[in-house]
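Inspection log for the structure reproduced underneath, given as structure tokens.
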Amino acid sequence: FEGGHVCVFAYGQTGTGKTYSMEGSPADPGLYYRAADFIFAEAERRGNLSAEITVTVLEIYCEEIRDLLDTQPKKLQVRRGSRGN
């Protein structure tokens, strides 16, 4: 809440539980849902707070990138900034 960016990177072989760790189930919510619950509970606890929250969920599989929140999925490209990053 002091400003900043966060990246959570789940890496591993197919079938090792990355998706379950991130999404979970209704009875056992994953990281996405627990983090969102925490963020909004903390914002409510602090009261008069103005914040902008942006979420991006990507999957990299077989060297292809997918936006998992896009209802019209399309192939995404990796780009480099002017500083090469």
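Evaluation of the side chain to side chain contact (heavy atoms under 4.5 Å, CB included) rule for Tyr20 yields Ser25, Asp28 as partners, not counting sequence neighbours.
Taking CD from Glu59 and CG from Asp67, the interatomic distance works out to 11.0 Å, rounded to the nearest 0.5 Å. To the nearest 0.5 angstrom, Ile60 atom CD1 is 5.5 Å from Phe9 atom CZ. Distance check, rounded to the nearest 0.5 Å: CZ of Arg45 to CZ of Phe40 gives 16.0 Å. The NZ atom of Lys75 sits 13.5 Å away from atom CZ of Arg66, with the distance rounded to the nearest 0.5 Å. Summarising the geometry, atom OG1 belonging to Thr56 is positioned 10.5 Å from atom CG belonging to Leu68; distances are rounded to the nearest 0.5 Å. One distance of note links CG of Leu69 with CG of Leu58; it measures 8.5 Å at 0.5 Å rounding.
More than 12 heavy atoms of other residues, nucleotides or ligands lie within 6.0 Å of OH in Tyr32, so this atom counts as buried by the packing criterion.
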Set out, in order, the CA-CA distance, both residues' side-chain angles and the distance that settles side chain to side chain contact (heavy atoms under 4.5 Å, CB included) for Val8 and Met22, then state yes or no.
CA-CA 9 Å; Val8 176; Met22 301 305 281; 3.6 Å; yes
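Checking side-chain atoms of Thr16 against main-chain N and O of Gly12 turns up no donor-acceptor pair under 3.5 Å.
One hydrophobic cluster, built from ILVMFWY side chains closer than 4.5 Å, cannot hold both Leu31 and Tyr11; they sit in different ones.
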